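Side chains included, hydrogens not; waters and symmetry mates left out as well; all remaining heavy atoms used. From a predicted model like this one, the values you see are computed outputs, not experimental measurements.
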Amino acid sequence: RLGPELEICGYGCSDHYYESDTLLHSFQVLAKLLESPVTQDIICDVGMPVLHRNVRYNCRVIFLNKKILLIRPKISLANAGNYRELRWFTPWNKARHVEEYFLPRIIQEVTGQETVPFGDAVLATKDTCLGAEICEELWAPNSPHIEMGLDGVEIFTNSSGSHHVLRKAHSRVDLVNSATAKNGGVYILANQKGCDGDRLYYDGCAMISMNGETVAQGSQFSLDDVEVLVATLDLEDVRSYRAEISSRNLAASKVNPYPRVKVNFALSCSDDVAVPTCMPIQWRHHSPEEEISLGPACWLWDYLRRSNQAGFLLPLSGGIDSSATACIVYSMCHQVCLAVKNGNADVLADARKIVSDETYVPEDPREFCRRIFTTCYMASENSSQDTCNRAKLLAEQIGSCHISLNIDAAVKAIVGIFSMVTGRTPRFSVYGGSSRENLALQNVQARIRMVVAYLFAQLTLWTRGVPGGLLVLGSANVDESLRGYLTKYDCSSADINPIGGISKTDLKNFIQYCIENFQLTALRSIMSAPPTAELEPLVDGQVAQTDEADMGMTYAELSIYGKLRKIAKAGPYSMFCKLINMWKEICTPREVASKVKHFFRMYSINRHKMTTLTPSYHAENYSPDDNRFDLRPFLYNTTWSWQFRCIDEQVNPVRGSNSL
């Protein structure tokens with residue numbers, strides 16, 4: 001039995017790992033597991049933090065029949081992107097070395113053991129040999145399974161804490177299958193699944209592989225708290241597979257052996273000849289649109305049920321971003337109804353608690369959506385009738401409880417206070433105002449919408465005589481955050497944001513997916529409309545303001561800038577050098593230089609907004625989330641004088657070479 005990484009306490013404890021309470025409570029849970037009849041006659045591999053000689057390690061505790069066989073500390077710690085394991089743990093750097101670990105009294109009383117092996121070792125049962133890897137070790141260039149396999153280990157386990165990123169699942173699957181393709185063997189991977197209290201969604205995908213082929217696949221997204229994946233395999237298939245790989249066998253003859261912990265136990269039976277074995281299967285990957293539909297939806301459900309709130313409120317503008325957020329909530333309602341239909345009692349109990357009805361059974365996603373989801377269109381004199389109609393129609397099709405209101409009175413009151421105090425009245429630029437006045441008047445509208453959203457989130461259910469409050473959902477996408485194309489403390493400021501790590505391009509594809517799979521025809525007009533903030537006056541009743549014109553760049557360009565900045569680690573000069581080749585068919589070097597400078601100028605001017613960014617579902621590796629993923633200053637020299645000078649020095653020579 002294998003479970004996820006640090007499963008006893010939960011992977012997301014973060015700085016709680018420093019607390020002795022976390023260690024104490026983990027051992028208390030381990031004692032319960034050791035005593036439980038459920039764990040008898042099965043080798044159990046569980047994860048928890050362990051303090052050994054005053055050093056904290058991320059460990060696997062492997063036990064059988066009330067006896068701890070081995071405590072195996074993690075060798076390669078994850079310390080990039082969202083991971084900070086070196087902050088809390090120390091890697092075990094003593095290869096193939098085992099020490100005595102003195103058990104705490106609470107465990108000694110159960111096992112009757114005073115000490116147990118602690119270190120880099122493998123288990124030798126009567127019929128096979130098992131070795132453990134922990135998450136990051138699979139991704140390391142010198143993965144332990146390589147040397148363990150050469151030393152005769154036939155079954156590898158990997159306890160993982162791997163979070164969801166769009167288009168990432170295939171990498172994990174390929175690594176596992178590759179591990180057993182080159183060296184033979186059985187590889188078992190168990191990954192955490194669900195929201196563990198922060199921005200990440202751990203996406204399951206438990207799997208079992210043998211000799212390079214998948215034989216069992218777990219779900220990537222589901223509302224089930226527990227999923228068990230099993231397979232029956234023949235160890236002789238591993239031995240015959242390895243027998244003909246001469247290069248592997250030559251390397252095995254020279255390998256430095258691992259310490260072996262002998263276990264008087266067999267995984268197989270003497271009379272199992274007639275037991276059928278599992279055959280290879282084809283792994284089914286979700287499309288990116290399916291991932292957006294399912295991952296953030298499961299994350300929202302976990303957040304909702306654990307926060308003890310009664311639902312969500314979303315400012316629905318009739319644009320792509322807020323509509324995509326609404327569709328994710330609708331997808332969540334689908335998942336809840338499906339889970340209840342399939343007999344998930346935990347989901348049913350949670351749904352009843354959320355709607356405050358002990359007899360309720362969610363069967364229709366639209367009906368459930370109406371109970372837990374409120375959408376609100378907040379019009380101003382600058383809003384068009386088209387966006388109002390689009391928001392209303394979408395709300396009708398998904399079943400949300402929809403509110404339409406007008407914020408002009410509040411805007412006039414706020415501006416009136418300013419005019420009364422200063423004796424000056426700001427004007428939009430179309431009426432002769434300056435850019436400062438124009439921006440300030442747009443920001444007032446945006447910020448009032450945030451205040452109104454929180455007021456209605458707190459009191460809407462009160463007006464209906466229903467207990468509880470609503471979580472406010474934000475809907476700023478990853479590209480807008482990167483560019484800073486949002487008002488600080490406007491409707492982008494919310495409790496959580498399910499699309500904050502998703503690009504505009506992927507959101508458009510997701511909208512098309514919802515049209516086809518949820519039959520939400522209202523999305524067609526939303527797809528065809530140009531993105532707009534609707535904060536400036538209309539011209540002849542029509543929207544004159546568009547997002548891409550305001551930003552000075554397209555969303556497609558923004559995605560490229562984001563990937564180069566974060567994933568390719570490109571500063572202004574490196575980005576210019578890459579883009580003059582990428583865009584050589586459509587832009588001159590001077591145009592590329594201008595675009596790069598404009599992006600970095602806007603990025604640095606607006607970076608301070610990332611410090612207050614609403615917690616968002618992490619879905620892209622170029623996310624600008626300032627909390628832990630993208631650690632950079634928020635006060636820049638926005639002239640980038642040295643970097644931009646280096647670009648300028650290259651523009652003329654490059655232009656000259658292109659003209660020859």
Side-chain angles (χ1 to χ4, degrees), residues 80-82 84 199 434-440 442-443 446-447 474 476-490 492-493 497 500-504 533 535 547-580 582-583 587 589-616 618 620-651:
N82 287 296
R84 294 287 181 277
R199 293 159 172 78
S434 65
S435 60
R436 280 194 293 176
E437 296 169 72
N438 196 66
L439 186 59
Q442 292 184 66
N443 289 344
R447 289 177 175 134
N477 64 63
V478 70
D479 298 324
E480 290 171 342
S481 298
L482 175 66
R483 161 63 173 74
Y485 186 64
L486 52 94
T487 300
K488 202 172 186 180
Y489 304 117
D490 69 346
S492 64
S493 296
N497 178 359
I502 304 173
S503 72
K504 192 80 162 188
L535 294 172
D547 290 352
E548 292 187 337
D550 272 2
M551 292 191 298
M553 60 191 75
T554 66
Y555 281 107
E557 288 172 343
L558 254 178
S559 288
I560 294 172
Y561 297 146
K563 289 171 183 173
L564 290 176
R565 181 198 71 98
K566 178 65 179 175
I567 300 174
K569 282 72 175 180
Y573 181 73
S574 296
M575 186 179 293
F576 165 76
C577 293
K578 292 177 185 296
L579 287 177
I580 57 174
M582 288 175 61
W583 289 350
C587 292
R590 189 170 297 280
E591 288 171 335
V592 172
S594 177
K595 287 175 179 288
V596 169
K597 289 178 184 180
H598 179 61
F599 165 70
F600 272 98
R601 193 176 293 116
M602 292 299 100
Y603 157 76
S604 56
I605 287 172
N606 291 291
R607 179 67 191 187
H608 66 95
K609 296 177 183 178
M610 297 304 96
T611 63
T612 61
L613 198 66
T614 296
S616 302
H618 181 86
E620 278 288 1
N621 280 331
Y622 70 92
S623 167
D625 180 9
D626 185 69
N627 175 261
R628 76 167 59 171
F629 182 71
D630 189 41
L631 305 181
R632 297 170 194 251
F634 55 87
L635 179 61
Y636 277 94
N637 176 354
T638 58
T639 64
W640 299 85
S641 54
W642 187 278
Q643 293 91 333
F644 287 2
R645 190 182 309 119
C646 290
I647 292 175
D648 291 338
E649 289 171 356
Q650 293 299 318
V651 168

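A distance of 10.5 Å separates OG in Ser481 from CG in Leu558, rounded to the nearest 0.5 Å. Note: Lys504 NZ to Asn477 CG = 5.5 Å, rounded to the nearest 0.5 Å. Here the straight-line distance linking atom CZ of Arg632 with atom CE of Met610 works out to 12.5 Å at 0.5 Å rounding. Atoms CD and CH2, from Glu591 and Trp583 in turn, are 10.5 Å apart once rounded to the nearest 0.5 Å.
Atom NZ of Lys578 has 12 or fewer heavy atoms from other residues, nucleotides or ligands within 6.0 Å.
Arg590 places no side-chain N or O within donor-acceptor distance of the main-chain N or O of Cys587, the cut-off being under 3.5 Å. Proximity of a side-chain donor or acceptor of Ser616 to a complementary backbone N or O of Gly501 within less than 3.5 Å is not detected. The main-chain N or O of Ala476 is found under 3.5 Å from a side-chain atom of Asn497 such that the two form a donor-acceptor pair. Of the possible polar contacts, none joining the Arg607 side chain to the Gly484 backbone as a donor-acceptor pair under 3.5 Å is found. At least one donor-acceptor pair closer than 3.5 Å links the side chain of Glu437 to the backbone N or O of Ser434. Proximity of a side-chain donor or acceptor of Lys569 to a complementary backbone N or O of Ile567 within less than 3.5 Å is detected. Under a 3.5 Å cut-off, the side chain of Ser604 and the backbone N or O of Phe600 do form a donor-acceptor pair.
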Please step through side chain to side chain contact (heavy atoms under 4.5 Å, CB included) for the pair Met575 and Phe599, ending with a clear verdict.
CA-CA 11 Å; Met575 186 179 293; Phe599 165 70; 4.2 Å; yes
For Phe644 and Arg601, what are the C-alpha separation, side-chain angles and deciding distance, and is it a side chain to side chain contact (heavy atoms under 4.5 Å, CB included)?
CA-CA 10 Å; Phe644 287 2; Arg601 193 176 293 116; 3.6 Å; yes
Does the pair Ile580 and Gln650 meet the rule for a side chain to side chain contact (heavy atoms under 4.5 Å, CB included), with working shown?
CA-CA 11 Å; Ile580 57 174; Gln650 293 299 318; over 6 Å; no
Go through it in stages, so that I can follow the logic: the residues are Tyr561 and Asp479, the test is side chain to side chain contact (heavy atoms under 4.5 Å, CB included), and I'd like the CA-CA distance, side-chain angles, deciding distance and then a yes or no.
CA-CA 9 Å; Tyr561 297 146; Asp479 298 324; over 6 Å; no
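Checking Ser623 against Glu620 by side-chain atom types alone, no donor-acceptor pair falls below 3.5 Å.
Tyr636 meets the ring pair (Phe, Tyr, Trp, His ring centres under 6.0 Å) test with Tyr603, Trp640; sequence neighbours excluded. Considering only residues two or more places apart in sequence or on other chains, His598 meets the side chain to side chain donor-acceptor pair (under 3.5 Å) condition with none of them. Under the ring pair (Phe, Tyr, Trp, His ring centres under 6.0 Å) criterion, Tyr555 pairs with no residue at all, not counting sequence neighbours.
Leu486 and Ser492 make their closest contact through CD1-OG, 3.7 Å (heavy atoms, listed as atom of the first residue, atom of the second, distance).
Side-chain contact between Lys566 and Leu482: absent, with no pair of heavy atoms (C-beta onward) separated by less than 4.5 Å.
The existence of a salt bridge linking Lys609 and Asp490 is excluded, since no basic side-chain nitrogen approaches an acidic carboxylate oxygen closer than 4.0 Å. For Asp648 and Lys597, the salt-bridge test passes: some basic side-chain N is under 4.0 Å from an acidic carboxylate O.
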